[in-house]
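A short write-up of the structure that comes next.
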Amino acid sequence: QVQLVESGGGLKQAGESLRLSCAASGSIFRINAMGWYRQAPGKQRELVAFQTNAGSTTYTYPVKGRFAISRDNARNTVYLQMNNLKPEDTAVYYCNAAEWNDRAYWGQGTQVTVSS
């Protein structure tokens, strides 16, 4: 019902910035919230940032003050602005969309690599 496609990943040096995008298609009216998770090698997938249709946001503590999540007016695209990148931000970043009934959809992931 919902398809998510991420873009914007790449290689950056510490201190630089990067912006990720995720476009949703299909039954987007069912989506209540969109956000980002990440998974580093050997680590569990963790929440990075999430935003509801009402505008409520949540961030994992390590990215607070550096990352910012936003959605477009149509609520079908979510962005993650990543500033002051650190090597520990290196991970595969996955877009996520949650429906009103809590069903979740996942994107294919986009690699973010930060060198020191």
Side-chain angles (χ1 to χ4, degrees):
Q1 285 289 298
V2 177
Q3 184 178 4
L4 305 173
V5 179
E6 303 104 329
S7 62
L11 176 64
K12 290 289 184 179
Q13 293 183 330
E16 294 184 334
S17 298
L18 194 64
R19 189 193 194 200
L20 304 182
S21 300
C22 174
S25 61
S27 301
I28 58 176
F29 68 92
R30 297 183 179 271
I31 298 174
N32 181 46
M34 295 183 68
W36 297 89
Y37 288 73
R38 67 185 181 185
Q39 187 168 20
K43 301 290 186 178
Q44 296 282 345
R45 187 175 298 186
E46 65 175 352
L47 173 72
V48 178
F50 231 80
Q51 186 172 61
T52 67
N53 288 356
S56 177
T57 60
T58 185
Y59 296 91
T60 187
Y61 182 79
V63 309
K64 286 184 176 180
R66 298 189 298 116
F67 292 6
I69 189 171
S70 62
R71 294 173 70 185
D72 64 5
N73 291 333
R75 299 175 180 172
N76 63 348
T77 305
V78 63
Y79 306 92
L80 185 67
Q81 178 65 47
M82 303 184 291
N83 298 321
N84 192 23
L85 285 164
K86 301 178 179 180
E88 51 262 42
D89 295 321
T90 296
V92 177
Y93 284 71
Y94 295 91
C95 182
N96 175 271
E99 295 183 345
W100 295 95
N101 63 1
D102 292 332
R103 180 174 180 176
Y105 299 89
W106 295 93
Q108 80 286 350
T110 184
Q111 177 70 47
V112 174
T113 302
V114 184
S115 62
S116 60

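Considering only residues two or more places apart in sequence or on other chains, R66 meets the salt bridge (charged side-chain N to carboxylate O under 4.0 Å, His left out) condition with D89. Residues satisfying the side chain to side chain donor-acceptor pair (under 3.5 Å) criterion with Q13, sequence neighbours excluded, are absent altogether. By the side chain to side chain donor-acceptor pair (under 3.5 Å) test, Q1 pairs with S27, sequence neighbours left out. T58 meets the side-chain contact (heavy atoms from CB on, under 4.5 Å) test with L47, F50; sequence neighbours excluded. Evaluation of the side-chain contact (heavy atoms from CB on, under 4.5 Å) rule for A23 yields T77 as partners, not counting sequence neighbours. In terms of the side-chain contact (heavy atoms from CB on, under 4.5 Å) criterion, residue partners of L11 (sequence neighbours excluded) are, by chain and number, T113. Among residues two or more places apart in sequence or in another chain, the side-chain contact (heavy atoms from CB on, under 4.5 Å) test is passed with S21 by S7, Y79.
A disulfide (SG to SG under 2.5 Å) check over residues 55-116, counting only residues at least two apart or in different chains, returns the pairs C22-C95. Among residue pairs with one or both ends in residues 4-20, none qualify as salt bridge (charged side-chain N to carboxylate O under 4.0 Å, His left out); sequence neighbours excluded. Residue pairs that meet the side chain to side chain donor-acceptor pair (under 3.5 Å) test with at least one member in residues 46-56, sequence neighbours left out, are R38-E46, N53-R71.
The two residues P87 and A14 come nearest to each other via the heavy atoms CD-CB, 4.2 Å. The two residues R75 and D72 have their closest heavy-atom pair at N-OD1, 2.7 Å.
Within 6.0 Å of CD in Q111 there are more than 12 heavy atoms belonging to other residues, nucleotides or ligands. More than 12 heavy atoms of other residues, nucleotides or ligands shown are found within 6.0 angstrom of CD on E88.
Grouped with W100 in a hydrophobic cluster is no other residue, since no side-chain heavy-atom contact under 4.5 Å to another Ile, Leu, Val, Met, Phe, Trp or Tyr is found. Cluster partners of V48 are V2, L4, L18, L20, I28, I31, M34, W36, Y59, V63, F67, I69, V78, L80, M82, L85, Y93, Y105, V112, V114, counting Ile, Leu, Val, Met, Phe, Trp and Tyr whose side-chain heavy atoms approach within less than 4.5 Å, directly or via other members.
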